[in-house]
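Order of listing sets the numbers, starting from 1, for every ligand and every atom in it. All values below were derived from every heavy atom in this structure, side-chain atoms included, with hydrogens, water molecules and symmetry-related copies excluded. Starting from 1, each residue takes its place in the sequence as its number.
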Amino acid sequence: MASALHNLSDYDFKSVPNAAGMKIGIVVSEWNNKVTGALLEGAVATLVKHGVREDDIHVQTVPGSFELIYGSALMVKQKAFDAIIAIGCVIRGDTPHFDYICEGTTQGLADLNKDADIPVIYGLLTTNDMDQAEARCGGFLGNKGDECAITAIKMVDFKRQLEKR
Ligand code: DLZ
């Protein structure tokens, strides 16, 4: 959890496997695009920093976070990627809609993560307000996009290590 104790962009560089040759699909929600755009920038920059070629990163947008499930599922079916990163931002409003979108999207991505042959990384920010979102997309709590990129690389490597056994 991002908190005053944990910056989303902090990690031990040496603990991250070399990502050269990894192919990563990224699905990004258009809702709150200032935030999701910053998350995407963080994810791409971190993937590249660890060796992923820009040509091996495929980005596609969906209208809202709820569509991340369908978008990620289609990318999984393509069998062209080693991991998928789903990026979205849901900000609490006046109605219970927030809870339904957060729960539905989270459950859908969790199901995919369990059932897909490749890792599906959960890059959904769920915040009470825009300030909390900005703090987590490059603000004082780092960038969740960085965290997602590192997680994707580590999970691809996790699968490769198992497959070697
Ligand atoms: C409808 C809606 C609302 C109210 N809020 C958000 C939000 O904060 N973040 C987000 O990513 N998407 C939101 N959406 C759109 C839904 O995710 C979805 O696109 C629509 O309900 C259509 O399925």
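- Few gaps surround CG on Asp12; more than 12 heavy atoms of other groups in view lie less than 6.0 Å from it.
- The single protein non-hydrogen atom nearest to atom 11 (O) of ligand 1 is Ser65 OG, 2.6 Å, given as residue, atom name and distance.
- Counting atoms of ligand 1 from 1 in the listed order, those under 4.0 Å from a heavy atom of Asn32 are 7 (C), 8 (O), 9 (N).
- Note: an N/O pair closer than 3.5 Å links Phe66 and ligand 1 by distance alone.
- Protein heavy atom at the shortest distance from atom 6 (C) of ligand 1 is Trp31 CE3, 3.2 Å.
- Ligand 1 lies less than 4.0 angstrom from a heavy atom belonging to Cys89.
- Near Ile91, meaning under 4.0 Å from one of its heavy atoms, ligand 1 places the atoms 8 (O).
- Under the 4.0 angstrom criterion for non-hydrogen atoms, Ser29 is in contact with ligand 1.
- Within the model, atoms OG1 of Thr36 and CD of Glu30 stand 8.0 Å from one another, a figure rounded to the nearest 0.5 Å.
- Heavy-atom contacts from other residues, nucleotides or ligands closer than 6.0 Å to CZ of Phe66 number 12 or fewer.
- Taking a cutoff of 4.0 Å between a charged side-chain nitrogen and a carboxylate oxygen, Arg160 and Glu163 do not qualify as a salt bridge.
- Among protein heavy atoms, the minimum distance from atom 1 (C) of ligand 1 is reached at His97 NE2, 3.4 Å.
- Of the N and O atoms on the side chains of Asp111 and Gln107, at least one donor lies less than 3.5 Å from an acceptor on the other residue.
- Atom CD of Gln161 has more than 12 neighbouring heavy atoms from other residues, nucleotides or ligands inside a 6.0 Å radius.
- There is a side-chain donor-acceptor pair under 3.5 Å between Asp146 and Thr46.
- Nearest non-hydrogen protein atom to atom 22 (C) of ligand 1 is Glu67 OE2, 3.3 Å.
- Of the N or O atoms in Ile101, none lie within a sub-3.5 Å distance of an N or O in ligand 1.
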